[in-house]
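Every chain is numbered from 1, with letters handed out A, B, ... down the list of sequences.
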Amino acid sequence: MIQGVKGMRDILPPASGVWNFVEAAARRIFTRFNYREIRTPILEETVLFARGVGEETDIVNKEMYTFEDRDGSSLTLRPENTASVIRSYIEHRLDQQPGLQKLYYIGPMFRRERPQKGRYRQFYQIGAEAIGSDSPAIDAEVIELVVAILHEVGIRDFELFVNSVGSKKSRARYNEALQAELKDVAPKMCEDCRRRAQSNPLRVLDCKVPEDQPIIERLPSILDFLDEEDREHFRRVREFLEDRQIRFTVNPRLVRGLDYYARTTFEITHGALGSQNAILGGGRYDRLAETLGSKTPAPGIGFSIGEDRLVMTVEASQALNPQRLDVYIAPMGDTALRHCAALAREIRELDLSVELGTDRKLKRMMELANKQEARFTLIVGDNEIVSQAYTLKDMASGDQQTLSRQALLDRLRRP
RNA sequence: GCGGCUGUAGCUCAGCUGGUAGUAGCGCCAGAUUGUGGUUCUGGAUGUCGAGGGUUCGAAUCCCUCCAGCCGCCCCA
């Protein structure tokens, strides 16, 4: 049997209905915040991600699907979308458009990681970028926007963490200070932390072992390494969030991220997700455009929601009503079947979903109507064609009435 | 990429001190007299027991390899 590729999955009904629900909700909120959709290619030149995301990140080092094209150029399946959006912004001179560019996207990304629940090699992100301003008010609005999306899909019990990682320079200084400090205290910590102190000091901050917490609390905070401007920027972001009555926790340990992050970073987690508990993450990337060759600065901030994970929490938190069938038409015989095609078209024009049965037996068609939870079944046989009166059965109550063609359409028009 | 656990009908699973697959539940199909579903009853189909190899007279059951999923690491969405 030919199977799907590892880490990639089929999204079947009824789950696909939840995906559509989530995407429709996101689009509504994006529209309210005046974001418009951008669609970028799934393939980009490898160098875009190498430079944009950062040569030293795990994503670029070991997780990209990179291959040589027939002409010898190196192409990569996008592992994230911010770099592509900025590339497009530069290429099409969107900085010449009036005001901010507020763009959103929905689509698949690819990273070759070991698959797990909530972690797939082809996964989907719903994201947005606000490019062209470094105002802290934009940071707060972007965060307000993601919170609004979560509310719109019915998720309330999440936690929002915000932090500021300052400039690249202050992050480097912080990393040094952390390493120096860890040299002394790491031996007293758990096995994992001792390893991380060597390989990736920032990861120590994520340790969940209770005994290590007192030590971690005494480690230096990145917030103490910010310069004056970064500190003020972060203060105002928090102020704007409070004005908007958005509940958040400052988490100085939230320092991970791609190389391009600067100043504000944020993350939202949800308990129902297990170890892959981050449902979305984002941050500011004021220098990314220049890194990618823009002559003019284009400070921006964005986020991406892990749609797979969002769908999981939506599925866990509420029972969504699946797509309903409005009318099942049961024609009795070939004449009726031909006759019903026009009838089906007329009912569909009322924006109702219609299934036109092709089975020979009425009993069988009634069964199918029932299994698909049709609201009505319309029975059309010789009697009905001759008399131009149709039998409409309400499947919930079992009531049946005989209606003229016009009365039938009127009856179906109102719920 | 590393470690652990798991893999039997469409789904959930039983069988696993080796003897050649389950009247299991749900679902699916058909019938209970020719234009009426949901309940009930009756009957039926479907599995190369994840794949390949090995041990054995004989393997779903033991061993090896591979594949996939899940959990942890790592990373992140």
Base [N] paired with [X] side chain (donor-acceptor, <3.5 Å):
X        : N     : value
A:Arg119 : B:A77 : no
A:Asn370 : B:G37 : yes
A:Arg114 : B:C71 : no
A:Glu373 : B:G37 : no
A:Gln400 : B:U36 : yes
A:Lys393 : B:U36 : yes
A:Gln3   : B:A51 : no
A:Arg309 : B:C76 : yes

Just so I know, are the side chains of A:Thr377 and A:Val327 near enough to count as touching, which here means a heavy-atom distance under 4.5 Å?
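The answer is no; the side chains never approach within 4.5 Å.
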
Return yes if a side-chain donor-acceptor contact under 3.5 Å exists between A:Tyr35 and A:Glu37, otherwise no.
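No, A:Glu37 and A:Tyr35 have no side-chain donor paired with an acceptor closer than 3.5 Å.
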
Along RNA chain B (nearest heavy atom to each residue), the more 5'-positioned of A:Ile59 and A:Ala396
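Nearest-nucleotide comparison on RNA chain B picks A:Ala396.
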
Applying a 4.0 Å non-hydrogen cut-off, can you work out what A:Arg112 is touching in the nucleic acid: base, sugar-phosphate, or nothing?
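A:Arg112: backbone/sugar contact only, no base atoms under 4.0 Å.
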
Check every strand shown and say whether A:Leu280 touches a base, only sugar-phosphate, or nothing at a heavy-atom separation below 4.0 Å.
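Counting heavy atoms under 4.0 Å across all strands, the contact made by A:Leu280 is with sugar-phosphate only.
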
Atom pair distance, as rounded to whole Å: CG in A:Leu77 and C1' in B:A77
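One finds 17 Å between C1' of B:A77 and CG of A:Leu77, rounded.
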
Report yes or no: is the cationic atom of A:Arg51 (NZ for Lys, CZ for Arg) closer than 6.0 Å to the six-membered ring centre of A:Phe49, at no more than 45° off its axis?
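Not satisfied by the 6.0 Å and 45° rule.
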
Geometric cation-pi criterion, A:Arg9 with A:Tyr120: 6.0 Å, 45°
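Here A:Arg9 passes the 6.0 Å and 45° test against A:Tyr120.
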
Say we look at B:A14 and B:G50: how far apart would their P atoms be, to the nearest angstrom?
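About 13 Å, rounded to a whole number of Å.
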
